[in-house]
A.B. asks: 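Below are the structure tokens for one structure; questions will follow.
Given the structure is predicted, the values throughout are model-derived calculations rather than measurements.
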Amino acid sequence: MAAQVRFQQSGNLGWITLDNPPVNALSQPLRAGLMAALEQAAQASGLDALLLLGTGRLFCAGADIKEFSAPPMAPALPDVIAAVEAFSKPVIAVLHGSALGGGLELALGAHYRIATTGTSLGLPEVKLGLLPGAGGTQRLPRVVGVPKALDMIVSGAPITGEAALAAGLVDTLYEGDALQAGTAYALELLTQGGGVRRTGERTAALEGNDPQAYFSEQKVSVEKRFPGLYSPLRCVMAVQASIRLPLAEGLKRERELFMECLQSPQRAGLVHAFFAEREASKVPGVTADTRPRSVEHAAVVGGGTMGVGIALCFANAGLPVKLLEVDETALARALQRARDTYAASVKRGSLSPIDMEQRLGLIEGVTDYAALAEVDVVVEAVFEDMAVKHRVFETLDAVCKPGALLASNTSSLDLNEIATATRRPEDVIGLHFFSPANVMRLLEVVRGARTSAEALATGLALGKRLKKVSAVVGVCDGFVGNRMLFQYGREAEFLLEEGATPEQVDAALRSFGMAMGPFAMRDLSGLDIGMAIRNRQRQQLPPNYPLPCLLDLLFEKGMLGQKTGCGFYRYEAGARTPLPNPELPALLQAASRQQGVERRALSDEYILDRTLLALVNEGAKLLDEGIALRASDIDLIYLNGYGFPAFRGGPMFYADTLGLGTVMERIEAFHRELGAWWEPAPLLQRLAREGGTFTGKGASA
Ligand code: 3HC
Ligand code: NAI
């Protein structure tokens, strides 16, 4: 038997333990070990019941996701689970931590399930572009009924032990040691004469519903909720089989649909996104020995748009936070903004009034820096002005205790220069939150030239505590996300001057899967903000650096986007639906004339290449410069901060799927057609020549 699975026996009870750290993933050796252990248990003498347990912090996180890109290897998980279900004595799965995906499917093959209150039970395969492929779509509806099962399978969201008990997914809850609790439960079961209870022999319930009509409705609803996604609809089709077909045939149907999903490019993109998130926490110089400092008290300096949002992040994570403003009036405004934001959540029903008051209680408004003397971390979010930031950091250096993490939320200023205002540049980092900070998951953790590994580790640990997805980036204007966005937005604007309309560009990018088109986004954030950035860039970019001019024309007319009811689009009072701006055609003509460009018809494919490959080329430059550590970090940033569709894996992964040879050819064509700014990044040139990929390249060499 493989070392990853142990069978043990004491008296009339046997137990099989999964031991495959860190998450007991059902890799081939584990599956083989499980088969062998079942065999051993079947031959053991005097055995009356069998427990299934997982070692470590959880029962089992499901199939080994790394194996998806390799050819299937026997024994297949459905066969292992069938052997569990067929076992001649009662099998009890004893769950703790997590029972996810194949882990829950394994538990559904058992005859009984017990779990701790904190266990997370779910079938998250849909988030990886899959459906449960080891019986989950057939057995879960037989245990909890079709509607509940469908909800869990299509959303991929896990439920707690308590909810699982209420749904009938587990038979009882336990506390303490799994083996002891499992033993007690098994003995009690045997005393009461409880026998083998196979899930596959039950029928899936859909009470009071006409199955045909019910599933038709569900398909329509799923297509609406997950436009463009491949696997959710197949989840519904698989669950439908559970009420139409006996188990064996239902499993066959599930397998076919699972294989279709497995082979889809969306699965590859979503699995890439899963690993990108985990990879990002591995940072050169930060090792297992690098101890993050403890953070129990926080402060935010500046209570504007970002400062308040960041303070809410701390309060949401249960951390007391002092919010510092310049005077009492500004402070009152900031605290009111915090209250209003929570009140809106209460109104929406996503926060209880009690939680709102509790969280507000964690935010203490202050105007005196002396109040920050004992905090463990300060995040500065004052005006984007180097002189102001310098004054703030000098003061923080004077008042904060040694070892406090001094973070700036600057989006464009040089962090290294900010750090010179202190005598402790090793404690200075960037924590670049995205707006609205309490909603957006992305956090760029900026490593300055002198930031210590310990400070960086503290920033990363804090990001995790705030439930952010963090990526470490180096210092440059715009860091990774906004520097790439500049190229993307500029190309989009050039396209308008060459012949496209905002409607066409936005629609092309939305049908690619972007959450929002670039022009609807510009109108949302305000063209005045865009102009301020553009004016700053004009001062910094080399003279004659080509920039589009349409933004200037709109700005001159006072068309600032949603806030003025007109920008690239027109908006009815109080509405956010973009309508055609009747003045835009004339402005487009004027912009084209000003740039000396003859307007022409542009295809959607061309629009996608111009905008998306601009992202890719800039991303490759960031890798060349070491600003981004790895291509998957760039993907993570775009997936979590910029509405890039997860099923495409991110811009760099998308380039890999196109083939870097193709990407190179198209960029070279743009270079010839448009000018020097399209020069292919050296890394792209090299990888295209060598037939490599950004993803395969790993950490920048
Ligand atoms: N397969 C392979 N590796 C896995 C894995 C899996 N199912 N789940 C987690 N890992 C790895 C992670 O990549 C990470 O590796 P690293 O240390 O080398 O980076 C390590 O395990 C620890 O994972 P996390 O950092 O995510 O640990 P957390 O404690 O934060 O979270 C978890 C634990 C909630 C279990 C989370 O890892 C998770 O959600 N895992 C994926 C669960 C999932 O999607 N299961 C379905 C798989 S598909 C399936 O089962 C198909 C079946 O229907 C046939
Ligand atoms: P804001 O103008 O809304 O707020 C700034 C606040 O700082 C004001 O309330 C002001 O009273 C306060 N302030 C100014 N000087 C201060 C001082 N010396 N001490 C204490 N408070 C002071 O600005 P916003 O948008 O919140 O931006 C803040 C920082 O966050 C900037 O560095 C900006 O670049 C960055 N940022 C902004 C994003 C955005 O979308 N707005 C996104 C990411 C970063």
A.B. asks: Just by modelled atom types, is the Val469 backbone N or O under 3.5 Å from a matching donor or acceptor in the Asn640 side chain?
C.D. replies: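 Checking the backbone N and O of Val469 against the side chain of Asn640, no donor-acceptor pair under 3.5 Å is found.
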A.B. asks: Is any side-chain heavy atom of Thr341 closer than 4.5 Å to a side-chain heavy atom of Leu312?
C.D. replies: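 Yes, at least one pair of side-chain atoms sits under 4.5 Å.
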A.B. asks: State, without any angle test, whether Tyr638 and Asp633 hold a side-chain donor-acceptor pair at a distance under 3.5 Å.
C.D. replies: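 No pair is found: no donor N or O on one side chain lies under 3.5 Å from an acceptor on the other.
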A.B. asks: Can you name the residues that form a side chain to side chain contact (heavy atoms under 4.5 Å, CB included) with Arg666, not counting sequence neighbours?
C.D. replies: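 Counting only residues at least two positions away or on another chain, Arg666 forms a side chain to side chain contact (heavy atoms under 4.5 Å, CB included) with Asp609, Leu613, Leu658, Thr662.
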A.B. asks: Residues in ring pair (Phe, Tyr, Trp, His ring centres under 6.0 Å) with Tyr606, at least two apart?
C.D. replies: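 Ring pair (Phe, Tyr, Trp, His ring centres under 6.0 Å) check on Tyr606 returns Phe670.
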A.B. asks: Could you list the residues that satisfy salt bridge (charged side-chain N to carboxylate O under 4.0 Å, His left out) with Arg483, not counting sequence neighbours?
C.D. replies: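 If we apply the salt bridge (charged side-chain N to carboxylate O under 4.0 Å, His left out) test to Arg483, skipping adjacent residues, the hits are Glu618, Glu625.
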A.B. asks: Run the salt-bridge test on Glu598 and Arg593 with the 4.0 Å N-O cut-off and return the result as yes or no.
C.D. replies: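 Salt bridge: no.
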A.B. asks: Spell out, as yes or no, whether a donor-acceptor pair under 3.5 Å connects the side chain of Thr451 to the backbone of Val428.
C.D. replies: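 Yes.
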A.B. asks: Is there a donor-acceptor pair closer than 3.5 Å between any side-chain N or O of Asp656 and the backbone N or O of Phe694?
C.D. replies: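 Indeed, once roles are kept as given, a pair shorter than 3.5 Å links the two residues.
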A.B. asks: CG of Leu462 to OG1 of Thr458: how many Å apart, nearest 0.5 Å?
C.D. replies: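 Reported to 0.5 Å precision, the distance equals 8.5 Å.
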A.B. asks: Tell me the closest heavy-atom pair linking Glu444 and Gly478, and the distance in Å.
C.D. replies: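 That closest heavy-atom pairing would be OE1-O, 4.4 Å.
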A.B. asks: Where is the tightest heavy-atom contact between Gly489 and Arg522, given as atom of each residue plus distance?
C.D. replies: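 Minimum heavy-atom separation between Gly489 and Arg522: CA-NH2, 3.8 Å.
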A.B. asks: Taking the six-membered ring for Trp and the single ring otherwise, decide whether the centroids of Phe647 and Phe226 are under 6.0 Å apart.
C.D. replies: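 No, the ring centres sit 6.0 Å or more apart.
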A.B. asks: With a 4.5 Å cut-off on side-chain heavy atoms, are Ile310 and Asn409 touching?
C.D. replies: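 With C-beta onward as the side chain, the pair touches.
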A.B. asks: What pairs with Arg536 under salt bridge (charged side-chain N to carboxylate O under 4.0 Å, His left out), at least two apart in sequence or on another chain?
C.D. replies: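 Testing Arg536 for salt bridge (charged side-chain N to carboxylate O under 4.0 Å, His left out), a comparison that skips the adjacent residues, returns Asp477.
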A.B. asks: Counting N and O atoms only, with roles assigned by atom type, does the side chain of Tyr488 sit under 3.5 Å from a partner on the main chain of Pro518, one being a donor and the other an acceptor?
C.D. replies: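 Pair absent, no side-chain N/O of Tyr488 close to backbone of Pro518.
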A.B. asks: Between Ser408 and Glu380, do the side chains contain a donor N or O and an acceptor N or O under 3.5 Å apart?
C.D. replies: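 Yes - a donor-acceptor pair under 3.5 Å links their side chains.
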A.B. asks: Heavy-atom distance under 4.5 Å between the side chains of Thr420 and Phe393, does that happen here?
C.D. replies: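 With C-beta onward as the side chain, the pair stays apart.
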A.B. asks: Quick one: side chains of residues 580-588, donor-acceptor pairs under 3.5 Å with protein atoms, not counting sequence neighbours, listed by atom name and distance.
C.D. replies:
from: Asn581; atom 1: OD1; to: Glu583; atom 2: N; distance (Å): 2.9
from: Asn581; atom 1: ND2; to: Gly567; atom 2: O; distance (Å): 2.8

A.B. asks: Ignoring hydrogens and angles, state whether a donor on the side chain of Gln487 or Trp678 is under 3.5 Å from an acceptor on the partner side chain.
C.D. replies: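 Not at all, the side chains of Gln487 and Trp678 share no donor-acceptor pair under 3.5 Å.
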A.B. asks: Are Lys468 and Lys464 close enough that some pair of their side-chain heavy atoms sits under 4.5 Å apart?
C.D. replies: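 Not in contact.
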A.B. asks: What's the verdict on side chain to side chain contact (heavy atoms under 4.5 Å, CB included) for Tyr571 and Thr577, showing C-alpha distance, side-chain angles and the deciding distance?
C.D. replies: CA-CA 6 Å; Tyr571 302 87; Thr577 312; 5.9 Å; no
A.B. asks: For the residue pair Arg630 and Ala280, what are the closest heavy atoms and their distance?
C.D. replies: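 Looking at all heavy atoms of both residues, the shortest contact is NH1-CA, 3.5 Å.
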A.B. asks: Run the side chain to side chain contact (heavy atoms under 4.5 Å, CB included) test against Lys127 and tell me which residues pass, sequence neighbours left out.
C.D. replies: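 Counting only residues at least two positions away or on another chain, Lys127 forms no side chain to side chain contact (heavy atoms under 4.5 Å, CB included).
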A.B. asks: Please list, one pair per line, the donor and acceptor atoms closer than 3.5 Å that link side chains of residues 494-505 to other protein atoms, with sequence neighbours excluded.
C.D. replies:
from: Glu497; atom 1: OE1; to: Gln595; atom 2: NE2; distance (Å): 2.8
from: Glu497; atom 1: OE2; to: Cys549; atom 2: N; distance (Å): 2.6
from: Glu497; atom 1: OE2; to: Leu550; atom 2: N; distance (Å): 3.2
from: Glu498; atom 1: OE1; to: Arg600; atom 2: NH2; distance (Å): 3.4
from: Glu498; atom 1: OE1; to: Arg610; atom 2: NH1; distance (Å): 2.9
from: Glu498; atom 1: OE2; to: Arg610; atom 2: NH1; distance (Å): 3.4
from: Glu498; atom 1: OE2; to: Arg610; atom 2: NH2; distance (Å): 3.0
from: Thr501; atom 1: OG1; to: Gln504; atom 2: N; distance (Å): 3.1
from: Gln504; atom 1: NE2; to: Leu602; atom 2: O; distance (Å): 2.7
from: Gln504; atom 1: NE2; to: Asp604; atom 2: OD1; distance (Å): 3.3

A.B. asks: Can you list the steps and then say if Phe275 with Ser632 is a side chain to side chain contact (heavy atoms under 4.5 Å, CB included)?
C.D. replies: CA-CA 8 Å; Phe275 284 118; Ser632 61; over 6 Å; no
A.B. asks: Sequence neighbours excluded, which residues qualify as salt bridge (charged side-chain N to carboxylate O under 4.0 Å, His left out) partners of Glu394?
C.D. replies: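 Expected list: none.
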A.B. asks: What pairs meet the side-chain hydrogen bond (donor to acceptor under 3.5 Å, both in side chains) rule with one or both residues in residues 506-518, with sequence neighbours excluded?
C.D. replies: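 Sorted result for residues 506-518: Asp506-Tyr569.
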A.B. asks: Any donor-acceptor pair under 3.5 Å linking the side chain of Asn416 with the backbone of Gly448?
C.D. replies: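 Answer holds: no.
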A.B. asks: Please determine if Arg225 and Glu223 form a salt bridge, counting it only when a charged side-chain N lies under 4.0 Å from a carboxylate O.
C.D. replies: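 Result for this pair is no, no salt bridge flagged.
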A.B. asks: How close do Pro680 and Glu668 get, counting heavy atoms only, and between which atoms?
C.D. replies: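 Closest pair (atom of Pro680, atom of Glu668, distance): CG-CG, 4.0 Å.
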A.B. asks: Taking the side chain as every heavy atom from C-beta outward, state whether Glu277 and Arg441 have any atom pair closer than 4.5 Å.
C.D. replies: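 In short, these two side chains touch, coming nearer than 4.5 Å.
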A.B. asks: Report yes if some heavy atom in the side chain of Leu442 is under 4.5 Å from a heavy atom in the side chain of Phe433; otherwise report no.
C.D. replies: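 Heavy-atom side-chain distance check fails, nothing below 4.5 Å.
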A.B. asks: Below 4.5 Å, heavy atoms only, C-beta onward: do Leu553 and Gln594 meet side chain to side chain?
C.D. replies: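 When only atoms from C-beta onward are counted, Gln594 and Leu553 do touch, with a gap below 4.5 Å.
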A.B. asks: State, to 0.1 Å, how close Gly430 and Leu415 come at their nearest heavy-atom pair, and which atoms those are.
C.D. replies: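 The answer is N-CD2, 3.5 Å.
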A.B. asks: Mind checking what makes side chain to side chain contact (heavy atoms under 4.5 Å, CB included) contact with Phe555, not counting sequence neighbours?
C.D. replies: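 Here the qualifying residues are Asp528, Met531, Leu560.
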A.B. asks: Establish, from distance only, whether the side-chain atoms of Asp635 and His272 form a donor-acceptor pair under 3.5 Å.
C.D. replies: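 Result is yes, a qualifying pair exists.
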A.B. asks: For Val126, what residues pass the side chain to side chain contact (heavy atoms under 4.5 Å, CB included) criterion, not counting sequence neighbours?
C.D. replies: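 For Val126 the side chain to side chain contact (heavy atoms under 4.5 Å, CB included) partners, ignoring immediate neighbours, are Ser231, Pro232, Cys235.
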A.B. asks: Under the side chain to side chain contact (heavy atoms under 4.5 Å, CB included) rule, what do Arg267 and Leu128 come out as? Steps first, then yes or no, please.
C.D. replies: CA-CA 6 Å; Arg267 189 275 304 162; Leu128 300 171; 5.5 Å; no
A.B. asks: Does Val392 reach the side chain of Lys389, with side-chain heavy atoms less than 4.5 Å apart?
C.D. replies: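 They are not in side-chain contact.
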A.B. asks: Determine, stepwise, if the pair Val301 / Val378 fulfils side chain to side chain contact (heavy atoms under 4.5 Å, CB included).
C.D. replies: CA-CA 7 Å; Val301 180; Val378 186; 3.6 Å; yes
A.B. asks: In this structure, which one of Arg538, Gln537, Gln539 forms a side-chain hydrogen bond (donor to acceptor under 3.5 Å, both in side chains) with Asn535?
C.D. replies: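 The residue from Arg538, Gln537, Gln539 that satisfies side-chain hydrogen bond (donor to acceptor under 3.5 Å, both in side chains) with Asn535 turns out to be Arg538.
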A.B. asks: Tell me whether the count of non-hydrogen atoms from other residues, nucleotides or ligands lying under 6.0 Å of CD in Glu605 goes above 12.
C.D. replies: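 It does not: Glu605 CD has 12 such atoms or fewer within range.
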A.B. asks: What verdict does the salt bridge (charged side-chain N to carboxylate O under 4.0 Å, His left out) test give for Lys282 and Glu279, after you've listed the backbone C-alpha separation in whole Å, the side-chain angles of each residue and the deciding distance to 0.1 Å?
C.D. replies: CA-CA 6 Å; Lys282 294 165 194 154; Glu279 232 6 68; 3.4 Å; yes
A.B. asks: Distance only, no hydrogens: is a donor on one side chain within 3.5 Å (strictly under) of an acceptor on the other, for Glu384 and Ser412?
C.D. replies: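 A donor-acceptor contact under 3.5 Å links the two side chains.
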A.B. asks: Is the backbone N or O of Asp397 less than 3.5 Å from a side-chain atom of Arg424, with the two atoms forming a donor-acceptor pair by type?
C.D. replies: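 Yes.
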A.B. asks: Holding to salt bridge (charged side-chain N to carboxylate O under 4.0 Å, His left out), I want the full list of residues that pass it with Glu690, two or more places apart in sequence or in another chain.
C.D. replies: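 Listed in chain order: Arg686.
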